[in-house]
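Here's the structure we're looking at; comments come further down.
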Amino acid sequence: MHRDKIKPMLFSTLKNYSGKQLTTDIISGIIVAVIALPLSIALALASGVGPEEGLYTAIIAGFIISFLGGSRVQIAGPTAAFATIVAGIVAKNGMEGLMMATIIAGIILIIMGLCRLGTLIKFIPFTITTGFTAGIAVTILIGQLKDFFGLVYPKGTVTIETTEKVEAFARNLKTVNPYALLVGGISLVILIVWPKISEKIPGSLIAVIAGILIVNFSNMNVNTIGDLYTISNSLPTFHTPDFSMGTIRSVLSDGFTIAILASIESLLSCVVADSMINSHHRSNMELIAQGCGNIGSALFGGIPATGAIARTAANIKNGGRTPIAGIVHAIVLVLVLVILMPYAALIPMPTIAAILFVVAYNMCQWRTFVTLCKAAPKSDILVLVATFGLTVVFDLVVAIEIGMVLAVLLFLKRMSDESQVKGWKYYDPEEDPDGMDLMPIPKQVRVFEISGPMFFGDAEQLAAIDFKDFTKVIIIRMRGVPAIDATAMRSLRLCFERCQKQGIALVFSHVNEQPMNTMKKSGFIDKVGKENFQPHIEDAIARATKLCEE
């Protein structure tokens with residue numbers, strides 16, 4: 001119960017807090033802020049908003065989620081998973097629509113936490129999370145091709161959907177800028193090679209510095225952030241959104257998608273963090289914190305946020321062990337915003353694209369994807385590939401909806417295939433001496449054994465229960481039935497009525513707890529007779545024998 005209580009982890013960790021841990025948390029917070037700086041800017045640009053919105057998100061949401069969160073070490077901020085969703089919302093409904101969708105998502109997350117639904121995330125299949133994560137990675141990569149190659153699109157070119165981006169890229173490939181490609185290529189090489197040289201300083205920061213120096217000292221004709229966006233170093237200000245019913249209706253489904261994705265990603269990040277520090281997070285408190293953080297981010301001009309696995313892992317590796325590190329990370333980013341933000345205008349767009357290429361590669365889990373395609377059952381592969389394809393071609397909303405429906409239907413099919421109604425065979429002891437060890441039953445008695453859950457997907461199997469002209473009693477053995485639903489209960493009732501018309505009695509053996517409770521509530525036990533429910537097959541046969549003799 002300790003891990004699920006609704007109490008911020010910060011208040012628990014402060015009880016035994018030491019000066020030594022404070023020093024370590026401050027150092028870790030500063031390092032994580034340095035890592036978060038280029039990533040927050042890059043992810044904001046990939047989301048179709050300005051660079052400062054990325055920092056606003058890391059500052060506001062990062063602070064609130066660390067302060068209220070259910071994890072010791074979670075670092076929150078903008079993540080790649082939201083980039084394509086946010087870009088789509090901004091393109092269709094503008095910043096007002098994004099703000100409203102994020103607030104709706106925050107409210108949903110808080111309700112989920114208060115209703116203690118944190119553990120329900122485990123019911124989302126791994127194939128779906130792997131499929132849409134890989135799909136998001138591909139959409140991010142496709143979205144950055146224009147800036148990496150320095151292409152110029154004709155005015156009025158629409159590039160909201162991924163397919164539109166691919167078409168526009170193919171049509172305008174002849175406008176490639178070799179200088180942009182050179183800067184992007186150098187940045188990409190730095191991002192790949194630098195981690196092998198040093199893990200203390202993030203490769204993204206080195207790539208940004210190198211990109212700025214190359215473009216400025218060589219006077220290359222390469223687009224920078226300042227060429228495309230107006231840079232502001234002002235602190236985030238409070239802004240009230242448009243709470244009109246029209247706006248709410250238009251972004252309600254987007255808010256739901258953001259909430260589901262935020263809950264999945266943040267709780268997955270918590271699980272990864274737990275394994276690294278041998279701790280336990282409070283999932284419901286984490287959802288509440290994520291909700292508050294997203295509402296706060298939206299009200300102060302930010303975008304959706306969630307727990308960032310890479311930044312959380314960096315926090316742990318640098319000694320962060322309490323939420324103080326996440327709070328320090330947010331405070332440091334405030335100083336960066338005020339002092340260094342004007343210099344962000346100098347960052348080349350191909351460098352931003354290179355950073356996002358690496359982000360996309362790290363999140364795509366291609367090895368896991370390939371392994372699943374090789375080893376998983378065909379139904380799981382279908383869900384995986386369908387979710388991936390739908391994420392790329394359409395969007396995450398469609399992918400999750402269809403992926404979940406497919407997963408549920410295929411699971412029900414699998415369960416239905418496992419369920420069966422099997423009748424015991426008759427044997428003649430004189431003709432079949434090998435059957436002498438079998439349990440003897442009267443000729444007028446038939447025994448059927450049901451295995452697997454009885455639910456709407458296989459309720460018709462009860463039609464397999466048949467009888468002869470001389471049958472007087474049918475025994476239904478249910479030791480292998482863990483659960484029964486209303487549809488199967490109806491089929492069982494129809495079976496009883498069919499037997500009743502033929503003057504055949506029903507006797508049940510070894511009915512488990514859940515089916516027994518369902519039968520009681522429906523009045524089925526009173527209809528059949530309590531005496532006809534026996535704990536073991538031997539008792540059921542004895543009861544059937546007695547009924548035959550009457």
Side-chain angles (χ1 to χ4, degrees), residues 411-550:
F411 173 76
L412 292 176
K413 172 69 168 58
R414 200 178 299 165
M415 288 297 98
S416 180
D417 291 343
E418 291 298 316
S419 301
Q420 58 179 346
V421 178
K422 202 172 182 181
W424 284 13
K425 291 182 180 178
Y426 289 109
Y427 80 97
D428 187 333
E430 294 180 3
E431 294 181 7
D432 186 9
D434 292 336
M436 291 297 289
D437 294 335
L438 297 175
M439 198 175 291
I441 58 171
K443 186 179 180 182
Q444 300 95 323
V445 177
R446 292 219 66 187
V447 180
F448 289 88
E449 187 149 358
I450 304 176
S451 59
M454 294 176 67
F455 65 106
F456 60 87
D458 61 359
E460 79 284 349
Q461 290 199 46
L462 289 171
I465 295 177
D466 58 357
F467 39 79
K468 307 290 185 183
D469 293 336
F470 51 81
T471 302
K472 289 186 177 180
V473 181
I474 289 177
I475 296 173
I476 298 180
R477 196 181 191 189
M478 294 180 64
R479 63 175 179 172
V481 180
I484 184 170
D485 74 354
T487 306
M489 191 66 247
R490 179 178 177 275
S491 296
L492 206 55
R493 195 159 39 245
L494 291 173
C495 175
F496 169 70
E497 290 170 0
R498 184 160 54 96
C499 291
Q500 210 174 24
K501 286 178 183 177
Q502 299 296 323
I504 297 169
L506 272 186
V507 175
F508 290 85
S509 162
H510 200 149
V511 180
N512 290 307
E513 186 178 358
Q514 193 276 344
M516 185 68 85
N517 289 335
T518 303
M519 290 178 181
K520 278 180 185 174
K521 288 178 182 177
S522 66
F524 185 71
I525 291 177
D526 293 331
K527 274 190 176 182
V528 177
K530 290 181 182 178
E531 65 279 4
N532 290 330
F533 285 82
Q534 299 295 327
H536 300 290
I537 187 65
E538 293 87 351
D539 303 314
I541 291 172
R543 172 64 184 164
T545 304
K546 185 179 178 182
L547 288 171
C548 289
E549 292 170 354
E550 291 179 357

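Counting from 1, the numbers follow the sequence of the chain as shown. All figures in this text were calculated on a predicted structure; none of them were measured in a lab.
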Kindly give the heavy-atom pair with the smallest separation between [X] and [Y], and that separation in Å.
| X | Y | value |
| --- | --- | --- |
| C548 | K472 | O-NZ, 3.7 Å |
| Q534 | E531 | NE2-O, 2.6 Å |
| P482 | Q514 | O-CB, 3.6 Å |
| D485 | F455 | OD1-CA, 3.2 Å |
| N512 | M478 | ND2-O, 3.5 Å |

Open item on the list: Under the criterion side chain to side chain contact (heavy atoms under 4.5 Å, CB included), I'd like the reasoning laid out for N532 against L547: C-alpha separation, chi angles, the key distance, then a yes or no.
Closed with: CA-CA 10 Å; N532 290 330; L547 288 171; 3.9 Å; yes
Measuring from [X]:[atom1] to [Y]:[atom2], what's the distance to the nearest 0.5 Å?
| X | Y | atom1 | atom2 | value |
| --- | --- | --- | --- | --- |
| M519 | R493 | CE | CZ | 10.5 Å |
| I475 | I541 | CD1 | CD1 | 5.0 Å |
| H510 | M516 | NE2 | CE | 9.5 Å |
| F524 | I484 | CZ | CD1 | 8.0 Å |
| S509 | E449 | OG | CD | 8.0 Å |
| K468 | R446 | NZ | CZ | 6.0 Å |

Task: Note, I537 side chain near V447 side chain (heavy atom, < 4.5 Å) - done: yes
Open item on the list: Counting only heavy atoms not in E513 (residues, nucleotides, ligands), do more than 12 fall under 6.0 Å from its CD?
Closed with: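 Counting neighbours around CD of E513, 12 or fewer heavy atoms of other residues, nucleotides or ligands fall under 6.0 Å, so no.
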- [ ] Apply side chain to side chain contact (heavy atoms under 4.5 Å, CB included) to the pair K521 and T518, showing each step before the final yes or no.
- [x] CA-CA 5 Å; K521 288 178 182 177; T518 303; 6.0 Å; no
- [ ] May I ask you to check whether T545 and E549 show a side-chain donor-acceptor distance below 3.5 Å?
- [x] no
Quick one: side chains of residues 495-504, donor-acceptor pairs under 3.5 Å with protein atoms, not counting sequence neighbours, listed by atom name and distance.
residue, atom, partner, partner atom, Å
R498, NH1, I465, O, 3.4
R498, NH2, I465, O, 3.1

